[in-house]
S.K.: 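What follows is a single structure, and I will ask about it in a moment.
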Amino acid sequence: MKGKKMFQCLEPERNEETGPVYVRERGKLSVVGSHVSELRTPCRLFSKGFSVELCGKQEDTSRHRQKPFIFTYTKEGSLRYSAKSLFTLTLDLITDNIHYVDSLMGFPDQIAEKLFTAAEAKHKFFTPCNGVMALRKFTEAYGDLVLSSLCLRGRYLLISERLEEIKSFQCLRSLDLSCCKLGDEHELLEHLSSDPMSSLTELYLKDNCFSDTGIRKMTASLRVLGKGLDALKVLDLSSNPGITDRGVLFLFGFKLLQFLDLSDTSIQDRSRTVKKIETKIGLVLSKKPIIQFEHRNCRTQGWAEQLLDQWENYIFSAIKPKDTLKSRKAAQQFYGKETKQNHLDSGICTLLTPVEQKQTHLQFFRPEEQKDSDSSKSDKRQRSTKRTGADPGQEDCTIAPATKRPRVTLTAADWDLLNSY
């Protein structure tokens, strides 16, 4: 109270220099020298929902730093201190230093998904070197959880700009590279025959300017070493005029193939090719279009689904025409000069469509009876190998089961324990 009287005596001088003086008593804020009747409702400097974060001293000003301390105002007007959970702080620490992590093997899937989402939000997968290393750590530890299906149909710019990142995805079951104009010498074609792509069951390579040379490269590992795309069940090679009768011979190594599309290719002897495919692989020519080649259910699935969209949006934003180009185009139209249509104006890149040719329907499928017989044969082989104790990989490499990495999952009790910290 003595302090309050002192402020009342100095009120005229303080108001001229510094303005009104506020005093807090019992959670209420009042102005020095004012009567209680005048301040029936307590004045507040800030609203009830106002919050303040503690700003600590930052040594590196160029790097964003997360603040673990948060202050909020209660209904009574007093400050309340709260802090982030230990799990959140640890997750932020690992995310900021993800490029220093040696391995993620043994981390539970739920925590790894949160870690991947946090790293994606902080753009940790955008840098050329560290981004690829961080992405490989996730794919090596969690495989198809990161991406199980990848659709790159017509997204040739994304393939050229993010080729190393796309090659780091492992354990894919479906891959769509249609309408990308890759050609026989593309680096991704050789990657298809590597061990990380051995889990593929669906592969769509429509309209990619492939010839017999490209088919020979893609199937070399399977034909010579018995490795590569040995689990493939759906293969689309349509709209590749460079594929001839000779290229079909390289496809006989796909013993588990159930659907094959060779429409709009340069196959001359149609009847002979149909007989070879029926005798070597067991596929029969279909008179109707097959649903598997309509690309209805092909889409990107996994943790990195939004990451691919971010990459593509970044590429499109970089190639958008500047305002000077737009003004120049407007000036040319004003003076009557003819200009070519720019496909980049809409942010969508389209390839030139080839000259329409006579369409030939060549789609093959495996009959249901033959599927049942093949499955029964594989079951008998597995039973015989179990009785004899022999290694099934020595008898037939196509039925060798893929090695699965042990994964750790958290129960509800584990999550309650994490949230209690």
S.K.: Once the angle between the rings of Tyr142 and Trp303 is folded into 0 to 90°, is it parallel (under 30°), tilted (30 to 60°) or perpendicular (over 60°)?
M.R.: tilted
S.K.: Show the numbers, then the answer: is there a side-chain contact (heavy atoms from CB on, under 4.5 Å) between Asp236 and Phe259?
M.R.: CA-CA 8 Å; Asp236 186 1; Phe259 300 97; over 6 Å; no
S.K.: Provide the full list of ring pair (Phe, Tyr, Trp, His ring centres under 6.0 Å) pairs with a residue in residues 173-209, sequence neighbours left out, each pair given once.
M.R.: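 Qualifying pairs, neighbours excluded: Tyr204-His295.
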S.K.: Mind checking whether Ile243 and Asp212 have side chains closer than 4.5 Å, heavy atoms only?
M.R.: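 Yes; the side chains approach each other to less than 4.5 Å.
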S.K.: As an exercise, state the distance from CG of Asp96 to CG of Leu91, rounded to the nearest 0.5 Å.
M.R.: 9.5 Å
S.K.: State, yes or no, whether a side-chain contact exists between Gln292 and Gln363 at a heavy-atom distance under 4.5 Å.
M.R.: no
S.K.: Pick one: which of Leu232, Leu203, Asp230 meets side chain to side chain contact (heavy atoms under 4.5 Å, CB included) with Phe254?
M.R.: Leu232
S.K.: Applying side-chain contact (heavy atoms from CB on, under 4.5 Å), run through Asn240 and Ile215 and close with a yes or a no.
M.R.: CA-CA 11 Å; Asn240 288 289; Ile215 304 301; over 6 Å; no
S.K.: Could you tell me if the side chain of Glu161 sits less than 4.5 Å from the side chain of Trp311, heavy atoms only?
M.R.: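 Of all side-chain heavy-atom pairs linking Glu161 with Trp311, none is under 4.5 Å.
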S.K.: Check whether Thr244 reaches the backbone of Ile267 with its side chain - one donor and one acceptor, N or O, closer than 3.5 Å.
M.R.: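 Absent.
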S.K.: Minimum heavy-atom separation for Leu222 to Leu229, with atom names?
M.R.: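 For Leu222 versus Leu229, the nearest heavy atoms are CD2-O, 4.0 Å.
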S.K.: Are any of the side-chain heavy atoms of Leu145 and Phe138 separated by less than 4.5 Å?
M.R.: no
S.K.: Using a strict threshold of under 4.0 Å (side-chain N to carboxylate O), is an ion pair present between Asp184 and Lys217?
M.R.: no
S.K.: Spell out, as yes or no, whether a donor-acceptor pair under 3.5 Å connects the side chain of Arg366 to the backbone of Ile281.
M.R.: yes
S.K.: Please determine whether the number of non-hydrogen atoms from other residues, nucleotides or ligands lying under 6.0 Å from atom CZ of Arg272 exceeds 12.
M.R.: no
S.K.: Of all heavy-atom pairs between Phe169 and Leu308, which one has the smallest distance, and what is that distance?
M.R.: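 Nearest heavy atoms, Phe169 then Leu308: CE1-CD2, 4.5 Å.
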S.K.: Is Thr265 close to Val248 at the side-chain level, that is, under 4.5 Å between some pair of heavy atoms?
M.R.: no
S.K.: Is it the case that the side chain of Asp144 and the backbone of Arg173 share a donor-acceptor pair, with hydrogens and angles ignored and the cut-off at 3.5 Å?
M.R.: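 Between the backbone of Arg173 and the side chain of Asp144 there is no qualifying donor-acceptor contact (under 3.5 Å).
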S.K.: To the closest 0.5 Å, what do you measure between CG (Leu152) and CG (Leu175)?
M.R.: 6.5 Å
S.K.: So, for Leu177 and Asn208, which heavy atoms are closest and what is the spacing to 0.1 Å?
M.R.: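 Heavy-atom minimum between the residues: O-ND2, 2.7 Å.
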S.K.: Judged by atom type as modelled, is there a donor-acceptor pair below 3.5 Å linking the side chain of Thr300 to the main-chain atoms of Cys151?
M.R.: yes
S.K.: For residues 127-137, dump all side-chain donor-acceptor pairs below 3.5 Å to protein atoms at least two apart in sequence or in another chain.
M.R.:
residue: Thr127; atom: OG1; partner: Gly131; partner atom: N; Å: 3.0
residue: Lys137; atom: NZ; partner: Ile98; partner atom: O; Å: 3.3
residue: Lys137; atom: NZ; partner: His99; partner atom: O; Å: 3.2
residue: Lys137; atom: NZ; partner: Val101; partner atom: O; Å: 2.4

S.K.: Give the minimum heavy-atom separation between Ser266 and Gly242, together with the two atoms involved.
M.R.: OG-N, 4.5 Å
S.K.: Considering non-hydrogen atoms only, spot the tightest contact between Ala231 and Ser198 and give its length.
M.R.: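 Nearest heavy atoms, Ala231 then Ser198: CB-O, 3.9 Å.
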S.K.: If you define the side chain from C-beta out and look only at heavy atoms, does anything of Lys276 sit under 4.5 Å from Leu249?
M.R.: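 Yes, at least one pair of side-chain atoms sits under 4.5 Å.
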S.K.: Roughly how far, to the nearest 0.5 Å, is the OG atom of Ser160 from the CD1 atom of Ile315?
M.R.: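 Answer for the CD1-OG pair, Ile315 versus Ser160, is 6.5 Å.
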S.K.: State whether a side-chain donor-acceptor pair under 3.5 Å links Asp264 with Ser238.
M.R.: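 No, because no side-chain N or O of Asp264 sits under 3.5 Å from a partner of the opposite role on Ser238.
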S.K.: For Glu165, give me all partners under salt bridge (Lys or Arg N to Asp or Glu O under 4.0 Å), at least two apart in sequence or on another chain.
M.R.: Arg162
S.K.: Once salt bridge (Lys or Arg N to Asp or Glu O under 4.0 Å) is applied, what residue pairs with a partner in residues 145-156 remain, sequence neighbours excluded?
M.R.: Arg155-Asp309, Arg155-Glu312
S.K.: Please list all pairs meeting salt bridge (Lys or Arg N to Asp or Glu O under 4.0 Å) that have one or both residues in residues 186-195, counting only residues at least two apart or in different chains.
M.R.: Lys167-Glu187
S.K.: Could you pull out the closest heavy-atom pair between Leu205 and Met218, with the gap in Å?
M.R.: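 The pair with the smallest heavy-atom distance is CD1-SD, 3.6 Å.
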S.K.: Out of curiosity, Leu307 CG to His123 NE2, how far, rounded to the nearest 0.5 Å?
M.R.: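 That separation rounds to 10.0 Å.
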S.K.: Give the C-alpha distance, both sets of side-chain angles, the deciding distance and a yes or no for ring-ring contact (aromatic ring centres under 6.0 Å, His included) between Phe125 and Phe116.
M.R.: CA-CA 10 Å; Phe125 303 117; Phe116 187 90; 4.9 Å; yes
S.K.: Run the numbers on Asp261 and Ile290 for side-chain contact (heavy atoms from CB on, under 4.5 Å), then give the verdict.
M.R.: CA-CA 9 Å; Asp261 191 358; Ile290 300 177; over 6 Å; no
S.K.: Side chains of Leu262 and Ile277: closer than 4.5 Å at any heavy-atom pair?
M.R.: yes
S.K.: Start with the C-alpha distance between Arg223 and Arg216, add both sets of side-chain angles, then the distance that settles side-chain contact (heavy atoms from CB on, under 4.5 Å), and finish with yes or no.
M.R.: CA-CA 9 Å; Arg223 291 182 290 104; Arg216 180 173 55 84; 3.4 Å; yes
S.K.: Could you grab the distance from atom CG of Leu172 to atom OG of Ser199, nearest 0.5 Å is fine?
M.R.: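 If we round to the nearest 0.5 Å, Leu172:CG and Ser199:OG are 6.0 Å apart.
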S.K.: Between atom CZ of Arg246 and atom OG1 of Thr273, what is the distance when rounded to the nearest 0.5 Å?
M.R.: 14.0 Å
S.K.: With Thr201, which residues qualify under side chain to side chain donor-acceptor pair (under 3.5 Å), at least two apart?
M.R.: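 Thr201 satisfies side chain to side chain donor-acceptor pair (under 3.5 Å) with no residue once adjacent residues are dropped.
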S.K.: Answer yes or no: is there a side-chain heavy-atom contact under 4.5 Å between Phe252 and Thr219?
M.R.: no
S.K.: Checking the side chain of Asp245 only, and the main-chain atoms of Asp269 only, is there a donor and an acceptor separated by less than 3.5 Å?
M.R.: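 Flag set: sc Asp245 to bb Asp269 pair under 3.5 Å.
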